[in-house]
Chemist: 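Shown below is the structure under consideration.
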Amino acid sequence: MLPFAIQIVVGGPIAEQVIYAVKRAVVSGNLRAGDPFPSVRQLSRELRINPNTAHRVMAALVEQGVLISTPTVGTVVSGIAPGSRQERSALLGHEMERFVVEAKRIGIPLEHMQQALVKHWRELGKE
Amino acid sequence: MNIIETENLTRRFGRVAALEGVNLTVPEGSIFALLGPNGAGKTTLLETLLNVLKPSMGIARVLGCDSRSLGPEQLNQIGYVSENLKVDDQLKVGALLAFVRKLYPTWDHALEKKLTDTFDLPLDRRFRHLSRGMRIRVLFVAALAFRPKVLVLDEPFSGLDPLMRDDLVTTVLDLAAEDKRTILLASHDVEEVERISDRVAFMEAGHVTVADSIEALCARHLNVVVRVSAGVAPTIAKRDSWLGFRAEGDVISFVSTQARSTSEAGWESAFGPEAAITTAPLSLKEIYLAHARASLKRKD
């Protein structure tokens with residue numbers, strides 16, 4: 001069993017979907033610092049994805065500081081690493097834009113967007 | 001290292017070329033999907049690689065060996081699952097496996113037992129009395145139990161129920177995750193193989209039209225829609241790297257196949273300073289469809 005929930009949408013970039021699902025699990029507390037993380041093989045088997053894709057997912061998560069790979073213990077969760085400047089600007093640029101476009105399109109006022117943001121922020125973390 | 005390489009591989013049946021000028025490389029450790037409609041030449045390609053058919057021209061090398069001289073040394077490392085396999089279908093499943101077992105020095109009895117149990121094989125029934133799904137499962141056990149270095153699968157999942165399909169996929173992925181085993185599979189269903197493959201080749205009428213990693217394909221294809229200034233649309237020169245080019249009024253749309261390559265740098269400026277350009281990534285299925293439509297058009 002995998003320690004995070006995911007529904008892979010075929011057609012989208014699979015590696016990115018898995019990376020996102022893991023980060024979401026970390027942020028929401030499903031995965032905590034020090035928790036063991038599945039091996040490439042388990043990931044491939046459980047998600048029915050190509051082992052090379054699973055390998056890419058692991059490498060990206062280690063590189064982004066979400067996971068730590070140690071020769072003795074294997075791969076463990078490192079907790080929430082502060083995002084790199086690139087990551088932050090990607091989120092603020094691209095992801096935010098999607099919300100804003102959708103919100104404006106269907107006429108949600110800014111105030112409601114702020115409330116929704118605060119609500120989700122609180123649901124996912126203790127801050 | 002490449003497990004499979006072909007150069008200008010051509011196979012004719014009479015006057016009809018079922019394969020024509022196919023150049024393909026399958027790197028070690030990949031799960032490589034051949035995608036194409038029925039009749040595109042996928043089975044002919046697989047059978048030529050495995051020396052079931054001889055090439056009319058060109059060459060295929062499998063495990064470094066010319067396909068025409070494949071011998072026990074290579075064949076003992078290649079598992080093959082296909083409905084076209086000739087099987088003595090009077091044999092009972094148990095007897096069939098006992099026969100195959102003796103052919104392979106690397107046969108893994110524990111794995112055979114495990115797969116036989118997982119797939120719930122009826123060992124005392126004759127092969128010819130089995131359902132299609134059950135036959136495929138027997139062939140899978142026979143092809144996997146010797147832990148082949150290369151696994152060749154011809155439409156392995158088509159027509160199977162979802163549960164059985166899922167069991168087979170897990171089993172195949174388990175093998176793939178072992179050190180550097182290579183899987184080549186043919187399918188007409190993009191979504192079926194998208195998740196498990198890392199490389200694909202599109203086949204159309206005996207030709208390989210596109211061959212690349214899925215990652216690279218998704219990175220270089222973009223769906224492009226441009227709103228140009230009035231009257232500009234007819235002046236836009238279509239490029240060869242644009243598929244499905246259409247202009248309706250002031251709106252132009254196409255699939256760019258080289259969106260991020262340097263040769264295409266600055267393509268946006270072709271539409272004039274007033275153009276509003278929106279782009280979106282494409283799924284593998286959409287990329288496949290764009291190429292399939294384009295090759296249909298070329299035939300017309």
Side-chain angles (χ1 to χ4, degrees), chain A residues 1-2 4-22 36-64 69 74-75 86 90-91 93-106, chain B residues 26-33 118 151 157 162-163 165-185 187 189-200 213-223 278-289:
Chain A
M1 198 180 64
L2 292 179
F4 58 92
I6 180 170
Q7 182 195 22
I8 293 183
V9 182
V10 175
I14 291 164
E16 278 173 38
Q17 293 179 54
V18 181
I19 290 168
Y20 175 76
V22 174
F37 195 78
S39 63
V40 165
R41 192 171 181 160
Q42 273 173 291
L43 214 54
S44 155
R45 185 176 215 280
E46 295 282 341
L47 296 174
R48 320 287 195 261
I49 60 171
N50 186 287
N52 297 325
T53 309
H55 185 79
R56 273 216 320 275
V57 167
M58 300 280 277
L61 288 169
V62 169
E63 197 197 299
Q64 293 172 25
S69 183
T75 307
Q86 263 178 341
L91 179 75
H94 184 69
E95 308 284 321
M96 279 296 189
E97 186 195 68
R98 277 173 49 186
F99 286 117
V100 174
V101 166
E102 277 302 298
K104 286 197 158 187
R105 186 179 69 81
I106 53 179
Chain B
V26 179
E28 184 170 29
S30 58
I31 302 186
F32 195 115
T118 314
L151 187 60
F157 310 125
L163 181 63
R165 198 183 155 262
D166 194 59
D167 283 347
L168 288 181
V169 167
T170 337
T171 310
V172 168
L173 285 173
D174 268 352
L175 182 85
E178 285 180 25
D179 48 355
K180 299 221 172 164
R181 294 181 199 270
T182 309
I183 297 171
L184 175 62
L185 60 94
S187 173
D189 185 343
V190 184
E191 283 170 341
E192 179 179 270
V193 297
E194 170 165 19
R195 218 164 144 152
I196 60 171
S197 319
D198 52 357
R199 305 187 78 86
V200 291
S213 74
I214 294 181
E215 201 186 0
L217 280 178
C218 291
R220 70 183 168 87
H221 284 76
L222 269 187
N223 186 21
T278 50
T279 62
L282 292 158
S283 70
L284 184 66
K285 185 173 183 177
E286 290 162 324
I287 295 169
Y288 170 74
L289 288 174

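Chain identifiers are assigned alphabetically (A, B, ...) following the order of the sequence lines, protein sequences preceding nucleic acid strands; residue numbering begins at 1 within each chain. Since we're looking at a predicted model, the values are computed, not measured.
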Chemist: Who passes side chain to side chain contact (heavy atoms under 4.5 Å, CB included) against A219(B), sequence neighbours left out?
Modeler: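 By the side chain to side chain contact (heavy atoms under 4.5 Å, CB included) rule, A219(B) matches no residue at all.
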
Chemist: Scan chain A against chain B and return every donor-acceptor pair whose distance is under 3.5 Å.
Modeler:
{"from": "R41(A)", "atom 1": "NH2", "to": "D174(B)", "atom 2": "O", "distance (Å)": "3.3"}
{"from": "R45(A)", "atom 1": "NE", "to": "D174(B)", "atom 2": "OD1", "distance (Å)": "3.0"}
{"from": "R45(A)", "atom 1": "NE", "to": "D174(B)", "atom 2": "OD2", "distance (Å)": "3.0"}
{"from": "R45(A)", "atom 1": "NH2", "to": "D174(B)", "atom 2": "OD2", "distance (Å)": "3.1"}
{"from": "L47(A)", "atom 1": "O", "to": "R195(B)", "atom 2": "NE", "distance (Å)": "3.2"}
{"from": "L47(A)", "atom 1": "O", "to": "R195(B)", "atom 2": "NH2", "distance (Å)": "2.8"}
{"from": "R48(A)", "atom 1": "NE", "to": "D166(B)", "atom 2": "OD1", "distance (Å)": "2.8"}
{"from": "R48(A)", "atom 1": "NE", "to": "D166(B)", "atom 2": "OD2", "distance (Å)": "3.2"}
{"from": "R48(A)", "atom 1": "NH2", "to": "D166(B)", "atom 2": "OD2", "distance (Å)": "2.6"}
{"from": "N50(A)", "atom 1": "N", "to": "R195(B)", "atom 2": "O", "distance (Å)": "3.1"}
{"from": "N50(A)", "atom 1": "ND2", "to": "I196(B)", "atom 2": "O", "distance (Å)": "2.7"}
{"from": "N52(A)", "atom 1": "ND2", "to": "G29(B)", "atom 2": "O", "distance (Å)": "3.4"}
{"from": "N52(A)", "atom 1": "ND2", "to": "D198(B)", "atom 2": "OD2", "distance (Å)": "2.3"}
{"from": "R56(A)", "atom 1": "NE", "to": "E215(B)", "atom 2": "OE2", "distance (Å)": "3.4"}
{"from": "R56(A)", "atom 1": "NH1", "to": "E215(B)", "atom 2": "OE1", "distance (Å)": "3.4"}

Chemist: Below 4.5 Å from any heavy atom of chain B, which atoms of I49(A) appear? Answer side chain, backbone, both or neither.
Modeler: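 Both backbone and side chain.
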
Chemist: Considering residues at least two apart in sequence or located in another chain, which fulfil the side chain to side chain contact (heavy atoms under 4.5 Å, CB included) criterion with V62(A)?
Modeler: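 Testing V62(A) for side chain to side chain contact (heavy atoms under 4.5 Å, CB included), a comparison that skips the adjacent residues, returns L67(A), S69(A).
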
Chemist: How would you list, by chain and number, every residue that makes a side chain to side chain contact (heavy atoms under 4.5 Å, CB included) with A59(A), sequence neighbours excluded?
Modeler: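 Testing A59(A) for side chain to side chain contact (heavy atoms under 4.5 Å, CB included), a comparison that skips the adjacent residues, returns none.
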
